[in-house]
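Right, one structure below, let's go through it.
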Amino acid sequence: MSTFEPDQPRAGVHASPNFGPRKDGKRPSILILHYTGMETGEAAESWLANPQSEVSAHYVVYENGRIVQMVPESERAWHAGQSSWKGETDINSCSIGIEIVNGGPLLGFPDFPERQIEAVIDLCNGIVTRHSIRPENVLAHSDIAPARKIDPGEKFPWPALYDAGIGHWVGPSPVRGGRFFSLGDEGQPVEALQSMLALYGYGVPIDGVFGSSTQLGILAFQRHFRPEKVDGVADVSTIETLHKLLSALPVVSS
């Protein structure tokens with residue numbers, strides 16, 4: 001495929017060869033946000049179009065708001081890697097991926113420019129409308145792959161997206177003292193915490209042991225929903241925020 005008509009109005013097109021058909025009749029039900037983690041957007045775009053990279057995304061959003069579509073939304077881009085959400089492990093077949101140009105740790109975690117976030121919001125609005133993607137399924141790459149990824153990171157402005165009608169969010173509970181769970185803890189309260197994380201969608205074991213997988217799940221949760229303090233400790237603020245999110249999940253109509 002050398003070119004195609006963009007799904008998003010006014011998006012440019014740079015067709016990547018790195019895609020395939022969505023498997024088992026799956027359709028987009030999840031939207032994943034990434035950062036590129038490279039020095040420039042042009043370098044990232046070139047890498048996503050390189051057959052040797054074996055990676056791609058549906059869209060790239062530059063700092064100035066320019067949007068480039070690289071894979072048609074109908075096709076399976078290769079952006080999620082080994083990942084899971086709510087028990088689904090072929091995330092590529094049921095998702096759309098947006099790469100947001102940002103150097104991440106390579107460039108000291110720069111801020112996301114306002115113009116870029118405005119373009120991300122406009123693009124997300126188009127995608128969730130076209131595919132009826134539920135708010136709680138607008139996710140970070142770190143949510144679906146907490147053992148491997150940290151993007152788009154704790155500086156990404158999720159509240160701005162929520163205020164524009166994109167994604168799921170509640171105001172995080174204040175960080176304060178009190179009982180907490182951390183690496184090595186065991187027991188029924190830890191199992192209850194794991195159950196809440198899994199109910200929201202995170203791929204953590206439910207075994208009553210606060211091991212590395214649970215710690216990574218907490219880190220991912222904090223990056224997205226309680227970015228003030230990202231330490232992998234399930235403190236009162238983290239647990240309360242998780243409980244509020246579960247209580248605020250939109251009702252699924254029958």
Side-chain angles (χ1 to χ4, degrees), residues 1 4-13 16 19-35 56-61 65 67-81 83-100 116-145 149 151-152 156-170 197-203 220-221 224-225 242 244-254:
M1 181 185 298
F4 55 88
E5 288 297 315
D7 295 288
Q8 180 73 11
R10 295 180 297 281
V13 171
S16 171
F19 71 93
R22 297 184 182 274
K23 299 179 180 178
D24 302 321
K26 293 176 182 176
R27 297 181 178 180
S29 60
I30 298 174
L31 175 56
I32 306 298
L33 304 187
H34 310 250
Y35 60 43
S56 61
H58 293 90
Y59 293 96
V60 176
V61 182
I67 298 172
V68 177
Q69 185 168 3
M70 305 195 72
V71 175
E73 292 179 9
S74 59
E75 302 294 339
R76 181 182 185 271
W78 305 341
H79 63 99
S83 54
S84 70
W85 190 254
K86 295 181 180 176
E88 173 62 66
T89 56
D90 184 5
I91 300 297
N92 281 335
S93 283
C94 60
S95 69
I96 290 174
I98 300 174
E99 288 279 359
I100 303 164
Q116 184 181 44
I117 295 304
E118 290 173 353
V120 169
I121 288 171
D122 185 58
L123 176 57
C124 288
N125 262 315
I127 292 168
V128 299
T129 299
R130 285 190 288 275
H131 301 283
S132 301
I133 294 175
R134 294 177 57 80
E136 66 272 23
N137 283 344
V138 179
L139 302 168
H141 197 188
S142 54
D143 289 323
I144 63 169
K149 298 296 181 177
D151 57 314
F156 187 75
W158 293 103
L161 271 68
Y162 179 74
D163 289 344
I166 302 298
H168 189 215
W169 179 264
V170 297
L197 282 168
L199 181 60
Y200 197 79
Y202 289 92
F221 176 82
H224 189 155
F225 296 108
L242 175 56
K244 287 198 297 182
L245 276 165
L246 288 168
S247 299
L249 280 172
V251 177
V252 180
S253 58
S254 56

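Starting from 1, each residue takes its place in the sequence as its number.
- Rounding to the nearest 0.5 Å places OG of Ser74 at 11.5 Å from CZ of Arg130.
- The backbone N or O of Gly97 lies less than 3.5 Å from no partner atom in the side chain of His141, so there is not a single donor-acceptor pair.
- A heavy-atom distance below 4.5 Å is not found between the side chains of Leu246 and Glu136.
- If you take CD1 on Ile96 and CD1 on Ile98, they are separated by 8.0 Å, rounding to the nearest 0.5 Å.
- Using a 4.5 Å heavy-atom threshold, the side chains of Asp7 and Gln69 count as touching.
- Applying the side chain to side chain contact (heavy atoms under 4.5 Å, CB included) test to Ala140 and every residue at least two apart in sequence or in another chain returns Ser142, Asp143, Pro152, Trp158, His224.
- Looking only at side-chain heavy atoms (C-beta outward), Leu245 and Phe221 come within less than 4.5 Å of each other.
- Here the CH2 atom belonging to Trp169 is positioned 7.5 Å from the CZ atom belonging to Phe225, to the nearest 0.5 angstrom.
- With a 4.5 Å cut-off on side-chain heavy atoms, Arg22 and Pro28 count as touching.
- To the nearest 0.5 angstrom, Asp151 atom CG is 9.5 Å from Leu33 atom CG.
- Lys86 and Glu88 are not joined by a salt bridge, as no carboxylate oxygen comes within less than 4.0 angstrom of a charged side-chain nitrogen.
- Atom OG of Ser95 and atom NE2 of His131 lie 10.5 Å apart (nearest 0.5 Å).
- Contact of the Val60 side chain with the Ile100 side chain is not registered, since no non-hydrogen atoms from C-beta on lie closer than 4.5 Å.
- Evaluation of the side-chain hydrogen bond (donor to acceptor under 3.5 Å, both in side chains) rule for Ser93 yields Arg76, Asp90 as partners, not counting sequence neighbours.
- Between His168 and Tyr200, the two ring planes are parallel [angle under 30°; tilted spans 30° to 60°].
- Heavy atoms only, all atoms of each residue included: Val170 and Ala248 are closest at CG1-CB, 4.0 Å.
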Between Ser84 and Ile91, does a side chain to side chain contact (heavy atoms under 4.5 Å, CB included) hold up when you go through it step by step?
-> CA-CA 6 Å; Ser84 70; Ile91 300 297; 5.5 Å; no
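- Tyr59 pairs with exactly one of Glu99, Glu73, Gln8 by the side-chain hydrogen bond (donor to acceptor under 3.5 Å, both in side chains) rule, that one being Glu73.
- In this structure, CG on Leu139 lies 9.5 Å from CD1 on Ile133, to the nearest 0.5 angstrom.
- For the pair His34/Ile32, a side-chain contact is recorded, criterion being any heavy-atom separation below 4.5 Å from C-beta on.
- Residues passing the salt bridge (charged side-chain N to carboxylate O under 4.0 Å, His left out) test with Asp163: none are found, sequence neighbours excluded.
- Considering Val138, Asn137, Leu123 in turn, Val138 is the only one that fulfils the side chain to side chain contact (heavy atoms under 4.5 Å, CB included) rule with Val128.
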Does the pair Val71 and Phe4 meet the rule for a side chain to side chain contact (heavy atoms under 4.5 Å, CB included), with working shown?
-> CA-CA 9 Å; Val71 175; Phe4 55 88; 5.7 Å; no
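- Scored by the side-chain hydrogen bond (donor to acceptor under 3.5 Å, both in side chains) test, Arg27 finds no partners at all (sequence neighbours excluded).
- Residues satisfying the side-chain hydrogen bond (donor to acceptor under 3.5 Å, both in side chains) criterion with Ser83, sequence neighbours excluded, are absent altogether.
- For the pair Ala80 and Asn92, the tightest heavy-atom approach, listed with the atom from each and the gap, is N-OD1, 2.9 Å.
- The shortest distance between side-chain heavy atoms of Val13 and Val68 does not fall below 4.5 Å.
- Annotation: side chain of Arg134 is not in contact with side chain of Ser29 (no heavy-atom distance under 4.5 Å).
- Listed by chain and residue number, nothing satisfies the salt bridge (charged side-chain N to carboxylate O under 4.0 Å, His left out) test with Lys244 (two or more places apart in sequence, or in another chain).
- Within the 3.5 Å criterion, the main-chain N or O of Val61 finds a donor-acceptor partner in the side chain of Gln116.
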